[in-house]
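Since the structure comes first, as structure tokens, the remarks are kept for the end.
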Amino acid sequence: MTSSTATRAKTPITVAYGDGIGPEIMTATLSILDAAGAQIAPEVIEIGERVYLSGNSAGIAASAWESLRRTKVFLKAPITTPSGGGYKSLNVTVRKTLGLYANVRPCVSYAPFVETLHPKINLVIVRENEEDLYAGIEHRQTDDVYQCLKLISRPGCEKIVRYAFEYARRHGRKKVTCMTKDNIMKMSDGLFHKVFDEMAVDYPEIKTEHMIIDIGTARMADRPEQFDVVVTPNLYGDIISDVAAELTGSVGLAGSANIGEHVAMFEAIHGSAPDITGKGIANPSGLLHGAVMMLDHIGQHDVAARIHNAWLCALEEGAHTADIAAAGDASVLSTAEFAQAVIARLGRSPSRLNAISASPAQTSQSATEPAKRYQSPPKAQKDMVGVDVFFHWHSGAVEQLADTVTSVLGGTEFELQMITNRGVKVWPNGFPETFCTDHWRCRLMGTAVSRDQSKCTHESILGLLTKLRGTGLDFIKTENLYTFDGEPGFALGQGQ
Ligand code: NAD
């Protein structure tokens, strides 16, 4: 124990041992933290499978939330989400409820001590953690069609992009790559890309680039050493961070931090590994890396560096659990033996792998950045200019639908502009080759008195819907169409 750690007050943290291999790797991790002199006071909560199966569909009890809100620091082992419907993912619930908007996952190669085709990987994925398709707003709308809403907000984009740039600046990283699919999702992913470009000007010393996620993922799989910091929306980040971690040699090695304005959660990236549970062979390194990030987060940089360097040293000297051992290696260690191997090397530094410094700016696996509060931009002038009405309809040719809708428009403030099916324009002038489901969208534009004065109102939409219902049509949802400062807030139909 160093003199600075001996005098430090203990920081309360919330600890969950989790399911499957969770208790084995948490015990190993806490034993290393204890031996290294981490000044922490763990409060243990129970979450996961047993809580789910006791009838709590969220997998977490009220008392656990109290602990998390009190300590604001969470070290969590993996949990098992029971299969079958009715159980919400606890990880997503915790991240979103506590506003843990940034998922930070460093991916580093440890060649030649861990086998990998890419010995020079040293990158950090900064994944947006709260929105996108993970909003979990899903509906079945017709016999044929199910919907999942993708929500991207300006505050969400600004928080994560700012976090990525601040992380890069603080850690002396040279480049931030933004990945989106804004060639297709021009509004939602387009906003993420736009915010990235807006914020880049505040960081002139950092090189920036944007890649479409498909080619970005391909490049990551082929030349991961070209990446430094990558910032990306939730779903792409989920996928690409597993790709990156796997390329380093084992998903059992990587930890991740989930950072919010108030609370932070630290974990391994892998799951509860039911196939090896109880065998005592799991690699505790992923959770240990999560714990090292936690120690940086609570300001115990010296302990974080001590543990990390001892771990690197152990790796160099051949201490391996089964998942990273070479074939035929007779000296494979159990989880507890591996923990002891790390403890035995506390105070030593690696000779070939890069040692970690106790300075927060140089602690390559630190995830901690000061969170900045979001400032709302001035409100735009918002005008309602029409409505998209979606129908469940499977009665015949699209002209019939157009005729039925048009038949009730006399005397209303709307005109039928187009009909689409799964986003592609099928009326007017559709192609017979286009495959159509039973899910149709009619775009009804307000007939403006003048450019600035639309007659389209909530009341006129209600009147329109009443008339449409009178024809027997089954409208399943509407989307109001707005302009913001004169700019359309809706996409064209494909082929429009
Ligand atoms: P998994 O990550 O648990 O296992 C995938 C493979 O990697 C298995 O072969 C496993 O033995 C191996 N593995 C994982 N961690 C290892 C370690 N530390 N040491 C050695 N080998 C390791 O993924 P899965 O099997 O798809 O999921 C199992 C359960 O975990 C599911 O219920 C899933 O919902 C849950 N899960 C939880 C989290 C989390 O809590 N953060 C994350 C992912 C999956």
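In this text, all values refer to a predicted model and were calculated from it rather than measured experimentally. Scope of the values below: all heavy atoms of this structure, side chains included, with no hydrogens, waters or symmetry mates. Every number for a ligand or one of its atoms is a count from 1 in the order of the listing.
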Could you tell me whether the side chains of E131 and S153 share a donor-acceptor contact shorter than 3.5 Å? yes
Which pair of non-hydrogen atoms, one from I25 and one from P78, has the smallest distance, and what is that distance? CD1-CD, 3.9 Å
Is it true that the side chains of D189 and T180 contain a donor and an acceptor less than 3.5 Å apart? no
Among N283, I276, N258, closest by heavy atom to atom 21 (N) of ligand 1 is I276
Run the salt bridge (Lys or Arg N to Asp or Glu O under 4.0 Å) check on D238 and R105 step by step: do they pass? CA-CA 10 Å; D238 196 358; R105 189 181 289 187; 5.3 Å; no
Between the side chains of S54 and N56, does any donor sit under 3.5 Å from an acceptor? no
Looking at ligand 1, does any of its N/O atoms fall within less than 3.5 Å of an N/O of I281? no
Identify, for atom 7 (O) of ligand 1, the protein heavy atom at the shortest distance, and state residue, atom and that distance. V251 CG2, 4.3 Å
Around atom 13 (N) of ligand 1, find the nearest protein heavy atom and jot down its residue, atom name and distance. A273 CB, 4.0 Å
Nearest-neighbour protein heavy atom for atom 33 (C) of ligand 1, which is reported as residue plus atom name and distance: I79 O, 4.4 Å
At the 4.0 Å heavy-atom cut-off, does N91 count as touching ligand 1? yes
For ligand 1, which atoms have a heavy atom of T81 less than 4.0 angstrom away? 32 (O), 34 (O)
Are E316 and R345 close enough for a salt bridge, meaning some N to O gap below 4.0 Å? no
Salt-bridged, E205 to R169, with N to O below 4.0 Å? yes
Residues R441 and D388 bridged, charged N to O under 4.0 Å: yes
Could you walk me through whether F266 and H297 satisfy the ring pair (Phe, Tyr, Trp, His ring centres under 6.0 Å) test, starting with their C-alpha distance in whole Å, then the side-chain angles of each, then the deciding distance to 0.1 Å, before giving a yes or no? CA-CA 10 Å; F266 302 87; H297 178 76; 5.4 Å; yes
Can you sort out which atoms of ligand 1 are near P274, meaning under 4.0 Å from one of its heavy atoms? 28 (C)
Short N/O distance, under 3.5 Å, between H270 and ligand 1? yes
Ignoring hydrogens, just give me the one of G271, S272, G18 whose non-hydrogen atom is nearest atom 43 (C) of ligand 1. G271
Report, in ascending order of atom number, the atoms of ligand 1 lying under 4.0 Å from any heavy atom of E267. 41 (N)
Under 4.0 Å from any heavy atom of A282, which atoms of ligand 1 are there? 19 (N)
Atom 24 (P) of ligand 1 touched by protein (heavy atom, under 4.0 Å): no
Among all protein heavy atoms, pick out the one at the shortest distance from atom 8 (C) of ligand 1; state its residue, atom name and that distance to 0.1 Å. D275 OD2, 3.4 Å
Classify the side-chain pair Y17/E46 by whether it contains a donor and acceptor separated by less than 3.5 Å. no
Ligand-side contact atoms (ligand 1) for residue partner K76, heavy atom cut-off under 4.0 Å: 39 (C), 40 (O), 41 (N)
